[in-house]
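First comes the structure, then the notes that go with it.
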Amino acid sequence: MAQGLNVGLIGAGHFGRYHALKLAGAKRAKLVGLADPDAERAKAVAWEAGCPVRSVEELLAVADAIIIAAPAEFHYDLAARALRAGKHVLVEKPIAATLDQAVELAGIARQTGLVLQVGHLERFSAAHGALTARMGTPLYIEAVRIAPFKPRGTDVSVILDLMIHDLDLILALTDAPILHVDAVGAPVASAHDDIANARIRFTNGAVATITASRISLKTERKMRIFSRTGYLSVDFAARKLSLVGRGIGMKLPGFEEFGVEQAGWQDHDALAAEHEAFFASVLDGAPVVVDAEAGRRALEAALAVSAAIAESRAMAEASGLVGPFIPA
């Protein structure tokens, strides 16, 4: 394939706009148009990005690859349609609404030999690189991702909106199937769960505890990881990490065999890195960093958390601890 990639964008919402602006400056790709059912929104974002507004049909006719940034409920239909039209696809997370849909998309990509990448952006962040470079296989992970309420993203639960980022990272770090999930959560400002806590046990014995909230008074994102080789504490907002282990850094008083190493990282443009990885997979045949199977695993974990929350809520309602949930 030629060294330039004609890319169409479906979805001009909050994150779709970021995709459009990033594509407008890409060196290995050209944004040949965008589609969105909101005509005014599409026109505004297309003007910013310097591309035409087109229908989905037109994009499938002129593009080599499609980026899908539509709401999650449309991911399957749009991705399947694009793949069957012979187009490479980068679809935002979650890969689809159901596991059956995720499996089918993976099958279509496999049968057609096309690239299907899932937009788990954290995999392309400088923080992820700094973390994985210093950490062995974890025994225990504690992750916290909380933020104040914003109406954007409330078409899905906080599990599919925020927690799925940490689920994907933890699945990649542990590299083991999930054995059991216990979780609690509640809808507060929307019709879906806005706060959730999950405890996940993996088949290799590792355990992860994850908290996600979009109704907090502050923004915080931290992770603590214990492994056989040490303890790692990461503050993503402050862009710093602390590693405690044998034979490293400054010695700990009273524990001479252990030391502390402080490190940080320089942020880079994770969205641009995600795009470049997609272009490299399409143009150069590079391995897909976050493929359909990774997207399916993250979705499966998110749905397992949601199911565990529903089970916990049913128990609480049956005992009279809480009243019946009435959707907003």
Side-chain angles (χ1 to χ4, degrees), residues 5-26 29-98 100-102 104-105 108-109 112 114-121 149-162 164 187 189-192 194 214 271 274-275 278 292 295 299 302 327-328:
L5 192 66
N6 289 328
V7 180
L9 173 65
I10 302 176
H14 178 82
F15 210 68
R17 175 176 174 268
Y18 290 139
H19 276 291
L21 296 179
K22 203 62 58 181
L23 287 167
K30 177 183 179 183
L31 179 59
V32 295
L34 62 83
D36 192 282
D38 185 331
E40 290 304 312
R41 177 72 183 177
K43 188 185 301 182
V45 175
W47 179 83
E48 282 189 279
C51 74
V53 175
R54 299 182 188 268
S55 66
V56 173
E57 292 78 7
E58 289 171 332
L59 287 181
L60 294 178
V62 300
D64 304 310
I66 299 291
I67 293 180
I68 299 169
E73 62 186 297
F74 302 113
H75 286 185
Y76 167 75
D77 288 337
L78 291 169
R81 186 175 173 186
L83 289 167
R84 287 177 176 136
K87 311 303 174 183
H88 303 281
V89 172
L90 167 55
V91 59
E92 269 301 334
K93 58 82 184 169
I95 183 174
T98 70
D100 286 344
Q101 291 176 348
E104 187 171 343
L105 286 178
I108 298 170
T112 57
L114 296 165
V115 171
L116 174 56
Q117 180 176 315
V118 186
H120 285 285
L121 190 61
F149 181 76
K150 295 178 182 177
R152 179 184 65 81
T154 54
D155 58 315
V156 296
S157 70
V158 72
I159 297 101
L160 289 172
D161 181 24
L162 298 181
I164 196 168
S190 75
H192 304 282
D194 295 306
R214 57 187 181 195
L271 185 57
E274 180 181 73
H275 283 183
F278 179 54
L299 176 62

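- The backbone N or O of Leu114 lies less than 3.5 Å from no partner atom in the side chain of His88, so there is not a single donor-acceptor pair.
- For the pair Leu160/His192, no side-chain contact is recorded, criterion being any heavy-atom separation below 4.5 Å from C-beta on.
- Looking at Gln101, its side chain does come within 3.5 Å of a backbone N or O of Ala97 through a donor-acceptor pair.
- Residues Val156 and Ala72 approach most closely at CG1-CB, 4.2 Å, considering heavy atoms.
- Nearest heavy atoms, Ala96 versus Ala102: CB-N, 3.9 Å.
- Two residues are said to be in side-chain contact when any heavy atoms from C-beta on lie closer than 4.5 Å; Lys30 and Cys51 fail this criterion.
- The shortest side-chain heavy-atom distance between His19 and Leu271 falls under the 4.5 Å cut-off.
- In terms of modelled atom types and a separation under 3.5 Å, the side chain of Asn6 and the main chain of Asp64 share no donor-acceptor contact.
- Summarising the geometry of Ala42 relative to Ala12, their closest heavy-atom pair is CA-CB, 4.3 Å, with the distance given to 0.1 Å.
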Start with the C-alpha distance between Leu90 and Ile68, add both sets of side-chain angles, then the distance that settles side chain to side chain contact (heavy atoms under 4.5 Å, CB included), and finish with yes or no. CA-CA 6 Å; Leu90 167 55; Ile68 299 169; over 6 Å; no

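- Two residues are said to be in side-chain contact when any heavy atoms from C-beta on lie closer than 4.5 Å; His75 and Ile95 fail this criterion.
- Two residues are said to be in side-chain contact when any heavy atoms from C-beta on lie closer than 4.5 Å; Tyr76 and Thr98 fail this criterion.
- Across all their heavy atoms, Ile66 and Lys87 have their closest contact at CG1-CB, 4.1 Å.
- Residue Ala109 comes nearest to Leu116 through the heavy atom pair CB-CB, 3.7 Å, listed as atom of the first residue, atom of the second, then distance.
- A salt bridge links Arg81 with Glu57: the closest approach of a Lys/Arg side-chain nitrogen to an acidic carboxylate oxygen falls below 4.0 angstrom.
- Counting heavy atoms from C-beta outward, Val89 and Val115 have side chains that stay 4.5 Å or more apart.
- When side chains are defined from C-beta on, His120 counts as touching Ile164, because their heavy atoms get closer than 4.5 Å.
- For Ala49 against Ala24, the heavy-atom pair with the smallest separation is O-CB, 3.5 Å.
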Under the criterion salt bridge (Lys or Arg N to Asp or Glu O under 4.0 Å), I'd like the reasoning laid out for Arg84 against Glu104: C-alpha separation, chi angles, the key distance, then a yes or no. CA-CA 12 Å; Arg84 287 177 176 136; Glu104 187 171 343; 3.1 Å; yes

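- In this structure, the side chains of Ile10 and Leu59 come closer than 4.5 Å at one or more pairs of heavy atoms.
- No salt bridge links Asp36 with Arg41; every basic N to acidic carboxylate O contact stays at or beyond 4.0 Å.
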Kindly determine whether Lys150 and Arg214 satisfy side chain to side chain contact (heavy atoms under 4.5 Å, CB included), including the steps that lead there. CA-CA 7 Å; Lys150 295 178 182 177; Arg214 57 187 181 195; over 6 Å; no

